[in-house]
2 protein chains.
Amino acid sequence: MSSYSSGESATSVATAVLRNEPVQARSTARLTSLLDAAAAVVDGIGFERLTTAMIADRAGSSIGTVYRYFPDRIAVLHALSGRSMTRFAAEGIPAIESPDRANWLEAVEAALQYWVGAFRSEPGFRALRFGDVLDLQPRAGDRTNNGVIAAALVSVLSSRHGLEANDELQFRVEVALELCDSLLARAFAFDRNGDARFTDEALTVARGYLIGAYGNPASDA
Amino acid sequence: MSSYSSGESATSVATAVLRNEPVQARSTARLTSLLDAAAAVVDGIGFERLTTAMIADRAGSSIGTVYRYFPDRIAVLHALSGRSMTRFAAEGIPAIESPDRANWLEAVEAALQYWVGAFRSEPGFRALRFGDVLDLQPRAGDRTNNGVIAAALVSVLSSRHGLEANDELQFRVEVALELCDSLLARAFAFDRNGDARFTDEALTVARGYLIGAYGNPASDA
DNA sequence: TCGTCACCGAACGGAATTCGATCATCAGGT
DNA sequence: ACCTGATGATCGAATTCCGTTCGGTGACGA
């Protein structure tokens, strides 16, 4: 009945949304350019105003090609958020696993810092908020993106820092991410570079929340 | 330079989204029924699937009338969230001002409890999350809904509980609301009645956050 | 050179939005 | 009281915009 997962699921994300898997080289490039285009537009005008025509234009392709790969407009956004998440897992998690992290708190802080960086520089990242905003009528049991990231973090925290990987830890990490996410969204809502007051507070809050639950590992030394 | 406000602004909210202000009695009634219709539909199917035709039908009017008052479909949603906020201020704030609240913490907790109740029973409330979700490209200086509610809370906290109404307090209350909001949204995402694990955690987090900043007033007695 | 992969863009359908015609209310003049 | 012009309010067919489909054409690999 345990709902947390243990590691590799973080990298195996929603590519199932595609209608056709690209086979030839040019088509994988096309797919990439479609997602890049969507990311760029979404950063500029927000996901609600993103039209399929805009994606096609900016990617230098036609509307039909968009629909060769994606079942509908929303699927593009889901794929984009999936790609961001995969990148986050592929690049961020190893950085967090670095032996430099003396304890779980440092690992978490590294993850959050990395996350803020993604808000700043990863196209489409801030506009989608990991895509959870799109899950307007989610079915119970659906995995949220934050849930998947949380699972990856949990696996690092348990395998390298001695925390027990159970539902409670998964829940708390998920909550911490949710908290951070909301403040970061606010931080970047008006300020393209992130209002420092809110980005700082996001890190402080998440930190405080987890320390409240698990104690401060630095002072246990 | 102070950005907090001191009370009455909480009731003067975004009616500026209207194309035409209603003048005669029948038109104010019409406007109300349009918003009621939107709220009912939005609760059922989510704001993305809400069509202008549905609003008109359910309100017993025509599409053209919708557009007499609102510049576009999204504006209806903004107005709806504005009305929810106004109600929250009009009904919730007095409840919070009750002399029963021994200290600021109890006032805040009452506010949050009231908020959870609104998620449960106020039509359209949970679907819109105070409408901030829709603010995809807000202009700098725009007031967020949470910001306005925070201002109202700040005025209660300062006038009745001795906290100094300054930018810092406004900021912290806003952050607390944002934190609560994100967890409540999550709590109600799958469960129409609110997943207790997340609603509880929302209150705990907001409480812990403010106590961390201002101390526990109960233990000062 | 055949079969499949990719791509295109006109055409279709539904939803958003416009706009001029029509009805209702109100003020004030007789 | 009644008329009357002005303005408020409503309507809904027409238009425009956008998501999505589909049949046709070009490109790649065996």
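Computed from a prediction, not measured in an experiment: that's the story for all the values here. First the proteins, then the strands, lettered A, B, ... as listed; each starts at 1.
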Could you state the [atom1]-[atom2] distance from [X] to [N], rounded to the nearest angstrom?
{"X": "A:Leu77", "N": "D:dG19", "atom1": "CG", "atom2": "P", "value": "11 Å"}
{"X": "B:Ile55", "N": "C:dA15", "atom1": "CD1", "atom2": "P", "value": "13 Å"}
{"X": "A:Arg19", "N": "C:dC5", "atom1": "CZ", "atom2": "P", "value": "16 Å"}
{"X": "A:Glu48", "N": "D:dC18", "atom1": "CD", "atom2": "C1'", "value": "14 Å"}
{"X": "A:Leu34", "N": "C:dC8", "atom1": "CG", "atom2": "C1'", "value": "13 Å"}
{"X": "A:Asp57", "N": "D:dG19", "atom1": "CG", "atom2": "P", "value": "12 Å"}
{"X": "B:Arg49", "N": "C:dG14", "atom1": "CZ", "atom2": "P", "value": "17 Å"}
{"X": "B:Ile74", "N": "C:dT17", "atom1": "CD1", "atom2": "C1'", "value": "13 Å"}

Donor + acceptor pair across side chains of A:Gln170, A:Glu174 (<3.5 Å):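 Yes, A:Glu174 and A:Gln170 have a side-chain donor paired with an acceptor closer than 3.5 Å.
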Would you check if the side chain of [X] reaches a backbone N or O of [Y] as a donor-acceptor pair within less than 3.5 Å?
{"X": "B:Arg126", "Y": "B:Phe188", "answer": "no"}
{"X": "A:Arg73", "Y": "A:Leu50", "answer": "yes"}
{"X": "B:Arg120", "Y": "B:Arg192", "answer": "no"}
{"X": "B:Arg160", "Y": "B:Glu97", "answer": "yes"}
{"X": "B:Arg207", "Y": "B:Val108", "answer": "no"}
{"X": "B:Arg101", "Y": "B:Ala95", "answer": "yes"}

Can you pull every protein N or O that's under 3.5 Å from an N or O on nucleotides 22-26 of chain C?
{"residue": "C:dA24", "atom": "O4'", "partner": "B:Arg26", "partner atom": "NH2", "Å": "3.4"}

Sugar-phosphate, base or nothing in reach of [X], heavy atoms under 4.0 Å:
{"X": "B:Thr52", "result": "base"}
{"X": "B:Asp72", "result": "sugar-phosphate"}
{"X": "B:Leu50", "result": "sugar-phosphate"}

Near DNA chain C, under 4.0 Å by heavy atom, which residues of residues 62-71 of chain B?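 Heavy-atom contacts with DNA chain C come from B:Ile63, B:Tyr67.
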Partner set under ring-ring contact (aromatic ring centres under 6.0 Å, His included) for A:Phe171, not counting sequence neighbours: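 Once residues adjacent in sequence are excluded, the partners of A:Phe171 under the ring-ring contact (aromatic ring centres under 6.0 Å, His included) criterion are B:Phe198.
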Please evaluate residues B:Tyr114 and B:Phe88 with respect to the criterion ring-ring contact (aromatic ring centres under 6.0 Å, His included), reporting the C-alpha separation (whole Å), side-chain torsions for both, the decisive distance (0.1 Å), and the verdict. CA-CA 9 Å; B:Tyr114 191 86; B:Phe88 186 89; 5.5 Å; yes
Does a side-chain N or O from B:Arg30 land closer than 4.0 Å to OP1 or OP2 of D:dC11, or not?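 Looking at the OP1 and OP2 atoms of D:dC11, one of them is under 4.0 Å from a side-chain N or O of B:Arg30.
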